[in-house]
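Order of the sequence lines sets the chain letters (A, B, ...), proteins ahead of strands, with each chain counted from 1.
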2 protein chains.
Amino acid sequence: MPVETKTSTLTTTECAVLGLLARGPKSGYDLKKAIDRSVGYFWGPAKSQIYAVLPSLVEAGYATSRTVAQERRPDKEVYRITARGRAALRRWVEEAPASPTPDRNPLLLKIFFGEHASPEILLEQVRARRAEMEQLKDELNAIEEQARDGTHDFFPQLTRMYGRRYAEAIIGWADDVERKFEQRRER
Amino acid sequence: MPVETKTSTLTTTECAVLGLLARGPKSGYDLKKAIDRSVGYFWGPAKSQIYAVLPSLVEAGYATSRTVAQERRPDKEVYRITARGRAALRRWVEEAPASPTPDRNPLLLKIFFGEHASPEILLEQVRARRAEMEQLKDELNAIEEQARDGTHDFFPQLTRMYGRRYAEAIIGWADDVERKFEQRRER
DNA sequence: GTCATCATGTAATCTGTTACATGATTTC
DNA sequence: GAAATCATGTAACAGATTACATGATGAC
């Protein structure tokens with residue numbers, strides 16, 4: 001009887017986890033931390049989702065788990081990627097095309113329906129987003145400093161470049177909005 | 001016994017629908033079309049989700065529905081926003097803050113784990129995204145032309161400005177990536 | 001002694017998607 | 001005669017979130 005293998009449609013969260021496991025074995029807790037410091041900027045699943053996904057990776061044969069007893073902490077499950085897991089990761093990364101840009105932006109929805117709100121409150125929201133983007137730039141620059149070792153940083157660096165471009169676009173737009181509101185007030 | 005009113009936490013899809021109903025009564029089908037031509041660029045629910053949300057708006061007292069018999073088509077339900085619906089819409093638009101920027105971008109995840117793929121395939125994906133952004137710019141420019149009437153276009157225009165800034169950021173980044181890969185090939 | 005952090009996970013729920021189901025009308 | 005579009009909705013299910021639950025250790 002043939003072994004039933006999970007059809008190789010991995011969810012994006014599974015791939016994020018698999019990608020991080022490819023750098024070394026980790027527990028759910030480790031993964032959460034690793035995600036928050038890396039791919040969390042563009043893929044940030046909830047902790048519970050990470051824990052939910054791990055057993056299904058094992059079931060699919062993409063990872064193995066091993067219970068590690070700890071002295072002063074609860075036991076932990078440490079997950080390790082398998083050769084089949086690496087193959088699946090590669091398939092996913094190469095598979096075209098990455099679903100088009102996420103079309104979910106509540107702030108734009110609020111702007112679109114801005115006639116129902118007071119201009120001041122809307123501007124506050126735009127300014128808040130602008131401030132977030134300034135902060136993002138600072139964070140990315142800080143990471144850039146740390147990553148000066150260079151090696152193994154080529155691809156992550158490309159994502160930081162994206163972040164900077166993105167942040168600057170929003171900042172530029174926020175300034176546009178500010179100007180447009182001023183022009184409008186003058187009339 | 002007090003009337004149980006749905007607690008006023010509207011989902012984003014409900015607000016999108018409410019916002020469009022604020023411009024006039026519509027059926028589910030009308031809404032789908034209206035969304036695709038407007039807010040669909042940053043909030044694009046599935047048709048079934050629109051149909052699912054409408055009865056719950058009625059239940060919450062934010063809209064009323066009326067069955068309209070049609071001669072050569074199935075009867076349709078036409079929804080109309082209520083005063084309470086307008087108030088709820090306003091509350092939502094003004095309520096701070098719009099949840100931070102959507103942190104879900106599968107393309108960046110693929111780039112981040114790019115070492116597991118061939119450079120050519122990755123570049124193809126980046127170029128595909130670039131092409132999408134060029135197309136987005138064209139679409140936005142076309143809409144801009146049509147919207148020359150001016151009136152009632154202030155807020156939608158701000159969202160198109162966002163779209164243009166965004167598209168240009170991605171295009172600039174795609175060119176960065178192209179350059180970085182070339183540099184890397186040379187070494 | 002209190003609070004943050006380490007460390008693990010489960011339960012309940014929600015939001016939304018894809019696939020299903022139906023049928024008339026207009027255009028080529 | 002076929003295909004696209006008008007027009008309505010339902011069913012099944014998946015993916016993810018928030019809240020729940022527990023307990024030790026180290027810092028202040």
Side-chain angles (χ1 to χ4, degrees), chain A residues 6-7 9-18 25-37 39-40 42-60 65-79 92 99-100 102-106 109, chain B residues 6-7 9-18 25-37 39-40 42-60 65-79 92 99-100 102-106 109:
Chain A
K6 202 191 157 199
T7 45
T9 38
L10 288 161
T11 66
T12 311
T13 300
E14 284 172 326
C15 294
V17 165
L18 222 38
K26 285 175 190 64
S27 69
Y29 193 81
D30 297 334
L31 278 163
K32 174 64 177 153
K33 278 188 298 179
I35 287 171
D36 286 346
R37 281 183 284 111
V39 295
F42 37 87
W43 199 266
K47 181 185 58 145
S48 59
Q49 189 65 7
I50 296 167
Y51 283 112
V53 134
L54 284 167
S56 75
L57 287 177
V58 173
E59 215 195 328
S65 76
R66 190 170 55 96
T67 309
V68 175
Q70 293 183 115
E71 276 183 28
R72 306 173 176 282
R73 305 264 178 240
D75 292 357
K76 62 175 167 183
E77 288 292 312
V78 174
Y79 295 84
W92 176 77
S99 67
D103 58 347
R104 302 201 161 248
N105 190 327
L109 201 55
Chain B
K6 202 191 157 199
T7 45
T9 39
L10 289 160
T11 66
T12 311
T13 300
E14 285 172 326
C15 294
V17 165
L18 221 40
K26 285 175 190 63
S27 69
Y29 193 80
D30 296 336
L31 278 163
K32 174 63 177 156
K33 277 188 299 179
I35 287 172
D36 286 346
R37 280 183 285 112
V39 295
F42 37 87
W43 199 266
K47 180 185 59 144
S48 60
Q49 188 66 4
I50 296 166
Y51 284 112
V53 134
L54 284 167
S56 75
L57 288 177
V58 173
E59 215 194 328
S65 76
R66 192 170 55 97
T67 309
V68 175
Q70 294 183 114
E71 275 184 28
R72 306 176 175 281
R73 304 263 178 243
D75 293 357
K76 61 176 166 182
E77 289 292 311
V78 174
Y79 294 84
W92 176 77
S99 67
D103 59 346
R104 299 196 166 253
N105 190 327
L109 201 56

Counting heavy atoms from C-beta on, name the nucleotide in D/dA7, C/dA7, D/dG9 closest to the side chain of B/Lys33. D/dA7
Heavy atoms from C-beta onward define the side chain here; which of C/dA7, D/dT10, C/dG9 lies closest to that of A/Glu77? C/dG9
d([atom1], [X]; [atom2], [N]) in whole Å:
X	N	atom1	atom2	value
B/Leu54	D/dA7	CG	C1'	14 Å
B/Leu31	D/dC6	CG	C1'	16 Å
A/Tyr51	D/dA21	OH	P	18 Å
A/Lys26	C/dG9	NZ	P	16 Å
B/Tyr79	D/dA7	OH	P	16 Å

Taking only residues two or more places apart in sequence or in another chain, which ones pass side-chain hydrogen bond (donor to acceptor under 3.5 Å, both in side chains) with A/Ser27? A/Asp30
Qualifying residues under side-chain hydrogen bond (donor to acceptor under 3.5 Å, both in side chains), relative to B/Thr12, sequence neighbours excluded: none
Applying side chain to side chain contact (heavy atoms under 4.5 Å, CB included) to A/Ser65 and not counting sequence neighbours gives A/Val58, A/Glu77, A/Tyr79
What residues form a salt bridge (charged side-chain N to carboxylate O under 4.0 Å, His left out) with B/Lys76, not counting sequence neighbours? none
Please list each protein N or O that sits under 3.5 Å from an N or O in nucleotides 12-17 of chain D, with the distance.
{"unit_1": "D/dA16", "atom_1": "OP1", "unit_2": "A/Thr13", "atom_2": "OG1", "d": "3.4"}
{"unit_1": "D/dA16", "atom_1": "OP2", "unit_2": "A/Thr13", "atom_2": "OG1", "d": "3.3"}
{"unit_1": "D/dA16", "atom_1": "OP2", "unit_2": "A/Gln49", "atom_2": "NE2", "d": "3.3"}
{"unit_1": "D/dT17", "atom_1": "OP1", "unit_2": "B/Arg104", "atom_2": "NH2", "d": "2.8"}
{"unit_1": "D/dT17", "atom_1": "OP2", "unit_2": "A/Ala46", "atom_2": "N", "d": "2.7"}

